[in-house]
Amino acid sequence: MQEKQELLRIENLHVNVNNKIIIKGLNLSIKSGEIHAIMGKNGSGKSTLAKVISGHPMYVVTEGKIFFEGKDITYEEPDSRSHMGIFLGFQYPVEVPGVSNIDFLRLAYNSKRKQLNQEEIDPLSFFHLVSKEITNINMDPLFLNRSLNEGFSGGEKKKNEVLQMSLLQSKLSILDEIDSGLDVDALKDISENINNFHNSRKAILFITHYQKLIEYIRPNYVHIMNKGIIQLSGNKDLAKEIDKYGYEHIL
Ligand code: ADP
Ligand code: MG
């Protein structure tokens, strides 16, 4: 059997934000085909980790390295990380009045094609492509012509993130609290979309507080972040324990 390829490797990562040290020696390895969940108390550095992997300029790596498919991307620009196949879905997706959702999606899609030396796709062909995706995730086509995320409900914003993720066919998708603001049905729905998207060539790293989401998405690994490091790693049962006993007890 062929060895699974290591997609992401983080070694001894230290991250500063506004001169405050947030991540303090974090290690993580994710192989293609794997699903990893990160849990942990508020303020433990989960979103910071997500942002630093995607290259957010405010988050400064002061020590350690991040590798993607073996390449050192510690100081790579965010666009180039995105073109390499890293996708970040935000905890709170921004609303962009005046930019239609479909224009935004086409821009993102074409920017990736350009990078791969492929021809840009015209609006009509893109419309066909995106319509297929939108049916797959049970989203109302009317959302394509609305302004990006403007007035979208929590669930709709999250669906839109999943739509971006599937259009870009990212190799590593990082989803930060995809469950925030969702009711149980929407949670089930979005988990199903994520599970349909996932395959042996893609990896997913998702951040959550909810045992429910862990049950739906069934990650291979569950990591608990605390004070800027991954303090504990295990499987789905770890999430169950957290649910029952709380972080303090486990850590
Ligand atoms: P989590 O997602 O686990 O709740 P965060 O990564 O959002 O935690 O935050 C970790 C810590 O870093 C918090 O104390 C937060 O206040 C701080 N932090 C994060 N981003 C910034 C920022 N842009 N400016 C100042 N402090 C920040
Ligand atoms: Mg967070």
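In listed order, ligands and their atoms are each counted from 1.
- Judged by distance alone, the side chain of His36 and the main-chain N or O of Glu34 form no donor-acceptor pair under 3.5 Å.
- Residues Asn16 and Ile22 are not in side-chain contact: their nearest non-hydrogen atoms beyond the backbone lie 4.5 Å or more apart.
- Close approach to Ile22 involves these atoms of ligand 1, each under 4.0 Å from a residue heavy atom: 10 (C), 11 (C), 12 (O), 17 (C).
- Considering backbone and side-chain N/O of Gly45, one or more are found under 3.5 Å from N/O of ligand 1.
- For Lys41, the salt bridge (charged side-chain N to carboxylate O under 4.0 Å, His left out) test picks out Glu248, with sequence neighbours left out.
- The line from CD of Glu156 to CG of Asn101 is 11.0 Å long, rounded to the nearest 0.5 Å.
- When distances to the Mg ion (ligand 2) are checked against a cut-off of 2.8 Å, Ser47 contributes an N, O or S atom below that limit.
- Note on ring orientation: taking the six-membered ring where Trp is involved, the planes of Tyr59 and His56 are perpendicular (angle over 60°, cut-offs 30° and 60°).
- At a heavy-atom cutoff of 4.0 Å, ligand 1 is contacted by the side chain of Asn18 but not by its backbone.
- Listed by atom number, the atoms of ligand 1 under 4.0 Å from Asn42 heavy atoms are 4 (O).
- Taking the six-membered ring where the residue is Trp, Phe126 and Tyr109 present tilted rings, their angle falling between 30° and 60°.
- For the pair Gly43 and ligand 1, a heavy-atom separation below 4.0 Å is found.
- Within the set Ile207, Val17, Asn226, the minimum heavy-atom distance to atom 27 (C) of ligand 1 is found for Val17.
- Residue-level proximity to ligand 1 for Lys41 is carried by the backbone, the only part with a heavy atom below 4.0 angstrom.
- Proximity to Met58 (heavy-atom distance under 4.0 Å) selects the following atoms of ligand 1: 23 (N).
- Residues forming a salt bridge (charged side-chain N to carboxylate O under 4.0 Å, His left out) with Asp72 (at least two apart in sequence, or on another chain): Lys65.
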